[in-house]
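The structure under discussion appears below in the form of structure tokens.
Residue numbers begin at 1 in each chain, while the letters A, B, ... track the order of the sequences.
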Amino acid sequence: MKDFIIPAPMFSDRDMGTPASKSKTQVTLEIDGFEVTVPEGTSIMRAAAELGITVPKLCATDSIDAFGSCRLCLVEIEGRNGTPASCTTPVAPGIRVKTQTGKLKQLRKGVMELYISDHPLDCLTCGANGDCELQDMAGAVGLRDVRYEAEANHFLAKNTSGEANIDWLPKDDSNPYFSYDPSKCIVCNRCVRACEEVQGTFALTIEGRGFESRIHAGVKDDSFLASDCVSCGACVQACPTATLIEKSVLEIGTPDKSVVTTCAYCGVGCQFKAEMRGDELVRMVPYKHGKANRGHSCVKGRFAYGYASHKDRILNPMIRDSINDPWQEVSWTEAMDFAASRMKAIQEKYGRQSVGVITSSRCTNEETYLVQKLTRAVFQNNNTDTCARVCHSPTGYGLGQTFGTSAGTQDFDSVEAADVILVIGANPHSGHPVFASRMKKRLRKGAKLIVVDPRRTESVEGPHYRAKHHLALKPGTNVAVVTALAHVIVTEGLYNEEFIRTRCDWDEFQDYMEFVADPRHSPEAIEMLTGVPAAEVRGAARLYATGGNAAIYYGLGVTEHSQGSTTVIGIANLAMLTGNIGRPGVGVNPLRGQNNVQGSCDMGSFPHELPGYRHVKNPEVRAIYETLWDVKIDPEPGLRIPNMLDAAVEGTFKGLYCQGEDILQSDPDTHHVASGLAAMECVIVHDLFLNETANYAHVFFPGSSFLEKDGTFTNAERRINMVRKVMAPKQGYADWEITQMFANRMLEDQGRAKWGYTHPAQIMEEIAMTTPSFAGVSYEKIETMGSVQWPVNDKAPEGTPLVHVDGFVRGKGKFIRTEYVATDEKTGPKFPLLLTTGRILSQYNVGAQTRRTDNTAWHPEDLLEIHPHDAENRGIRNGDWVRLASRAGVTSLRADITDKVSPGVVYTTFHHPDTQANVITTDFSDWATNCPEYKVTAVQVSPSNGPSDWQEEYNAQATLSRRILPAAE
Amino acid sequence: MQTDGINPKISRMANQIAMFMESKPEAEGIEGLSSHINDFWEPRMRRQFFQLIDAGGEGLRPLVIKASEKIRRPDPA
Ligand code: SF4
Ligand code: SF4
Ligand code: SF4
Ligand code: FES
């Protein structure tokens with residue numbers, strides 16, 4: 001594509017041919033008479049590219065190591081024999097290189113002639129027309145005719161006499177997003193290397209030699225879909241021809257401009273180029289200068305954007321008097337009038353505290369800021385919460401207590417310097433795929449892996465790596481295991497005394513040491529409880545403490561427990577004990593679920609905190625907002641989501657504005673959530689689709705997708721990434737405009753001044769002005785730097801990739817005792833198994849988006865994983881419908897018999913509303929933050945015939961509730 | 001004093017916090033528990049909490065009872 005990129009790139013997007021060298025030593029040489037200085041180890045090809053000289057090439061591209069097979073990139077070096085390939089030949093001091101000589105021109109033409117003689121010449125109708133490197137190279141070498149006709153070829157299905165060509169292979173269209181047309185393949189091996197080096201899946205192989213060689217996905221007769229391929233798209237991007245090509249390009253044509261934006265799926269925060277033709281999105285291509293993803297992507301961000309134009313999307317505002325009525329489409333003004341008058345009436349009747357908001361970790365920072373501002377400045381209470389509550393609130397608490405800041409300590413680049421990687425309660429392979437690829441790359445280079453997870457997840461072993469230790473603990477015993485790791489480190493004297501003396505509070509350490517050294521925390525003492533062999537715990541502790549740079553990555557398997565906060569504290573203790581904090585390659589890194597979990601927490605979504613994690617009890621913080629917003633801020637903490645629901649059932653909470661979240665599906669104990677919602681008098685749902693929560697709503701504000709608005713997302717590295725509008729909102733307004741319209745409608749009734757934002761940049765200005773850690777953030781800075789990691793202020797005007805470098809944010813690091821307390825959720829005769837939940841790669845969260853894309857090819861339904869032993873006892877066969885019951889509820893789904901789970905443990909995902917795994921989960925929660933205990937529920941599994949009564953009733957109610965009457969004209 | 005109608009979660013949650021705080025020296029535990037509830041529990045929850053305390057605090061762990069003196073009583077609803 002002849003790139004027109006928005007914003008005008010700071011760095012060239014050009015393919016430099018081979019990856020950059022990281023060497024600090026510089027080498028100077030001469031190419032075509034020009035002098036150039038590059039790091040040692042750079043290829044001649046790349047050095048030439050630095051000078052703006054493009055040496056013709058086919059098998060090289062800068063995302064993967066050079067291979068040297070196409071022989072097109074030949075150069076001559078003065079004083080050396082022959083014509084070496086510039087992609088595989090490194091620079092040397094003082095050499096003089098020629099890239100364009102008579103001899104080279106002749107050789108290149110010959111090479112191209114060979115390629116073209118075995119390639120169809122249907123360029124005009126080819127999907128890659130205008131975006132094909134083979135075409136470009138034919139032009140670059142001045143190929144004007146092909147003198148020989150190949151006797152055998154790969155591209156004609158039949159020979160001239162009409163017989164089938166045995167060398168021809170049909171197209172493989174099994175992948176929903178890209179096609180593979182072997183007849184166009186030049187066997188450059190780029191796809192194979194991309195799958196190995198960039199993605200780490202090793203799904204592709206080259207079979208045969210010479211003329212016989214062919215690319216295969218998986219074993220011989222596999223298709224792409226049936227193979228190990230995870231559809232990340234790296235091979236498609238690497239392919240220089242139309243052999244591997246996005247189906248959307250085949251359908252639409254080549255794009256004419258691209259806009260750099262950020263993926264709206266997960267907390268990795270990959271940057272993409274949204275490639276457009278007019279206002280039609282042609283494809284999403286991972287952006288090479290995206291600092292979180294460095295040019296890589298996963299199937300969700302790369303391909304699963306079709307939900308934004310799905311037919312289920314609601315494009316008109318709707319209202320109804322009662323949830324038993326059908327929806328009535330209305331104008332935006334009517335919807336605002338209706339919603340504002342209901343909320344006003346509720347507050348008049350039931351008091352100021354009777355309404356609140358839920359902000360979204362999928363929306364932008366600016367939108368989230370406005371929603372919490374709505375409750376604080378317009379409703380005048382602190383009843384705001386976010387779905388981050390249900391995933392990472394213990395991270396905020398635990399890291400806040402120990403380190404003084406509630407965020408991860410590193411950037412993703414840091415993993416490249418890690419020697420030991422400890423993954424606790426996370427499955428990056430599925431949840432954070434692009435980070436996983438970067439981690440696996442490091443593991444293939446020899447870093448050691450330790451995994452703490454009840455399940456043998458896809459992250460435990462993969463091509464060319466395997467965890468040294470997999471601590472397959474019983475769900476709910478994280479604290480015991482983490483404390484035992486610390487016990488080994490302390491009692492075997494493996495701790496870093498110097499670090500602790502200088503960086504932490506020594507007295508607190510003494511106290512902690514006395515606590516963990518107690519034999520009841522030893523691996524042997526907890527073996528019965530956790531099910532993890534003591535030797536494994538000891539081995540893991542020794543490796544973590546002594547294996548070099550050790551980094552911890554953890555996920556929801558840590559936080560979503562009744563002792564979630566305690567485990568986070570335990571993790572922080574481990575890092576402090578061993579001095580693994582404050583430099584590249586180490587640290588404590590929460591892997592965030594949704595794209596803007598970090599941002600929604602930063603923006604003051606929690607009921608006790610104003611933006612920037614400042615408690616509402618502090619008068620000096622309140623004063624900042626009171627002056628700016630001309631309102632009195634309530635000094636008491638407001639209601640959290642579970643409190644809102646409890647208060648609703650009690651009859652004191654009556655109105656809710658819920659943006660971009662589906663609490664009915666994502667929150668635990670569905671029955672309780674449903675009765676809370678049903679007890680409210682005005683539920684406003686602001687979303688793309690009629691989600692499950694909307695079954696209980698009275699007002700529906702249709703939302704805009706991330707392609708339709710400007711703003712920022714903050715990823716798990718604290719990195720603020722730009723989201724850019726690439727098309728106009730299909731329903732007329734960006735989400736921040738809708739919140740503002742609603743706020744203004746209410747402010748009008750209150751006779752107060754209205755909000756007047758005309759662009760999200762102004763909202764960011766207000767955030768920067770009021771929040772010290774964002775003081776230096778502006779759209780301008782993000783535009784010029786590409787992204788920036790908070791804190792950004794006078795001390796760190798360019799942002800902060802690593803925190804706690806010279807000292808902890810809170811001053812001295814604080815060791816805190818971590819006593820293991822068994823959860824109240826215990827197995828017994830009625831519910832003998834432990835259910836734990838998770839997710840898979842192709843689906844996202846409650847699935848509202850991914851279910852509306854072709855990603856369903858990989859995950860059409862939620863399955864219950866059960867160990868063969870438990871299945872046999874119950875007479876369950878693979879694929880049978882089973883009944884899954886807990887004390888909270890019953891649901892049905894199909895069984896998947898596997899030894900990935902241990903006996904006594906079952907596992908499922910929660911991507912599909914029909915399954916409603918949260919009917920089963922209970923209302924137990926983390927002691928400090930009320931983050932629900934999703935990861936442990938005592939259950940029973942038995943054979944069943946199909947969906948439970950409840951599922952059928954629920955579906956009937958949902959269908960009824962989703963009826964829409966067209967607008968009355 | 002009436003204690004029906006009080007959400008049973010209130011005492012469970014208070015006890016859960018207590019169990020974490022009990023591993024600290026007592027004064028620190030009392031401080032930790034009371035400031036945790038002051039910082040995170042909205043007035044409605046604290047009101048229900050005091051209903052339990054005023055009714056004798058049955059089922060609450062001793063540390064909760066001790067810490068209750070340092071917990072802010074909210075204004076009556
Ligand atoms: S899409 Fe990704 S996983 Fe699949 S073959 Fe290509 S590089 Fe490998
Ligand atoms: S499929 Fe594309 S990248 Fe792979 S070998 Fe063939 S031409 Fe090269
Ligand atoms: S890893 Fe996450 S941010 Fe990156 S493309 Fe996939 S879903 Fe999007
Ligand atoms: S680009 Fe160097 S050999 Fe192919």
Subject >> Between NE2 on residue B/H36 and CG on residue B/N38, distance to nearest 0.5 Å >> reply: 10.5 Å
**OP:** Decide if atom CD of B/E58 counts as having more than 12 heavy atoms of other residues, nucleotides or ligands within a radius under 6.0 Å.
**Re:** no
Original post:
Side chain, backbone, both or neither: which part of A/S565 has a non-hydrogen atom closer than 4.5 Å to chain B?
Top reply: neither
**OP:** Run through A/D507, A/D505, A/N573 and flag the one making a side-chain contact (heavy atoms from CB on, under 4.5 Å) with A/Y512.
**Re:** A/N573
**OP:** Fit a plane to each ring of A/H608 and B/F40, take the angle between them on a 0 to 90° scale, and name the class: parallel (under 30°), tilted (30 to 60°) or perpendicular (over 60°).
**Re:** perpendicular
Original post:
What residue in A/V649, A/V616, A/D646 has the most heavy-atom pairs under 4.5 Å with chain B?
Top reply: A/D646
Original post:
Most heavy-atom pairs under 4.5 angstrom with chain A, which of B/E22, B/R12, B/R46?
Top reply: B/R12
